[in-house]
Amino acid sequence: MKLRIKGNSLRLRLARSEVTRLLETRRVDYTHRFAEDEEATLTYAIECSTNQHGVAMRYRPREVAVLLPIEAATSWANGEPVGIYADLDVGGSKLEVAVEKDFSCLHGDE
């Protein structure tokens with residue numbers, strides 16, 4: 001899964017295997033370490049559940065997660081749309097969120 005943060009936008013791009021894993025386990029995440037300190041990490045994740053109504057973000061120290069309704073995730077994963085897009089109000093400003101299929105990966109790993 002690729003994470004891109006630019007300005008007030010956040011984009012996650014999932015490979016085919018990650019889309020499948022999202023539907024099976026309802027969560028895909030990666031953690032990156034930035035220094036030797038065990039707290040110098042960032043986890044980024046995508047989750048889906050039956051309790052979720054609409055696209056949302058969850059922020060915790062050292063973790064950011066995009067939350068999707070299971071119905072939207074299933075429809076997106078099994079359909080033609082490349083992405084799920086939302087503009088979220090985050091304390092008076094707008095955060096653009098995109099979750100996209102990355103099926104034509106240039107790196108040849110999928």
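Computed from a predicted model, the values in this text were never measured in an experiment.
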Is there a continuous path of hydrophobic side-chain contacts, each under 4.5 Å between heavy atoms, that joins [X] to [Y]?
X   : Y   : result
L10 : V90 : yes
L95 : L68 : yes
I5  : I46 : yes
V97 : V82 : no
Y85 : M57 : no

Item to complete: Apply the test side-chain contact (heavy atoms from CB on, under 4.5 Å) to residues D102 and K2: give CA-CA distance (whole Å), side-chain angles for both, the deciding distance (0.1 Å), then the verdict.
Response: CA-CA 9 Å; D102 191 18; K2 298 174 187 172; 2.8 Å; yes
Heavy-atom pair with the smallest gap, counting every atom of [X] and [Y]:
X   : Y   : result
P69 : H53 : CG-C, 4.3 Å
A56 : Q52 : CB-NE2, 3.4 Å
C48 : A73 : CB-CB, 4.0 Å
A77 : L23 : CB-CD1, 3.5 Å

Once rounded to the nearest 0.5 Å, what's the spacing between atom [atom1] of [X] and atom [atom2] of [Y]?
X   : Y   : atom1 : atom2 : value
E18 : L12 : CD    : CG    : 9.5 Å
R60 : R58 : CZ    : CZ    : 4.0 Å
L22 : L14 : CG    : CG    : 6.5 Å
S93 : L88 : OG    : CG    : 10.5 Å
L67 : S49 : CG    : OG    : 7.5 Å

Item to complete: Quick one: do T50 and R26 satisfy side-chain contact (heavy atoms from CB on, under 4.5 Å)? Show the steps, please.
Response: CA-CA 10 Å; T50 55; R26 300 205 176 169; 3.9 Å; yes
Worksheet item: With sequence neighbours excluded, what pairs up with R27 under the salt bridge (charged side-chain N to carboxylate O under 4.0 Å, His left out) test?
Response: D29, E47, E63
Worksheet item: D87: what forms a side chain to side chain contact (heavy atoms under 4.5 Å, CB included) with it, not counting sequence neighbours?
Response: K94, E96
Can I get a per-line list of side-chain donor-acceptor pairs under 3.5 Å for residues 36-44, giving both atom names and the distance, sequence neighbours left out?
| from | atom 1 | to | atom 2 | distance (Å) |
| --- | --- | --- | --- | --- |
| D37 | OD1 | E39 | N | 2.9 |
| T43 | OG1 | T31 | OG1 | 2.6 |
| Y44 | OH | M1 | O | 3.0 |
| Y44 | OH | H32 | NE2 | 3.4 |

Practice prompt. Run the numbers on V99 and W76 for side-chain contact (heavy atoms from CB on, under 4.5 Å), then give the verdict.
Written response: CA-CA 10 Å; V99 176; W76 164 72; 3.9 Å; yes
Worksheet item: Passes side-chain contact (heavy atoms from CB on, under 4.5 Å), R11 versus E100? Steps please.
Response: CA-CA 8 Å; R11 182 170 87 175; E100 297 175 328; 3.1 Å; yes
Worksheet item: Is the backbone N or O of E71 less than 3.5 Å from a side-chain atom of S75, with the two atoms forming a donor-acceptor pair by type?
Response: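 A pair under 3.5 Å: no.
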Discussion item. Whether the side chain of S9 engages the backbone of K6 through a donor-acceptor N/O pair (distance < 3.5 Å, no angle test) should be reported.
Written reply: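 Yes: the side chain of S9 pairs with the backbone of K6.
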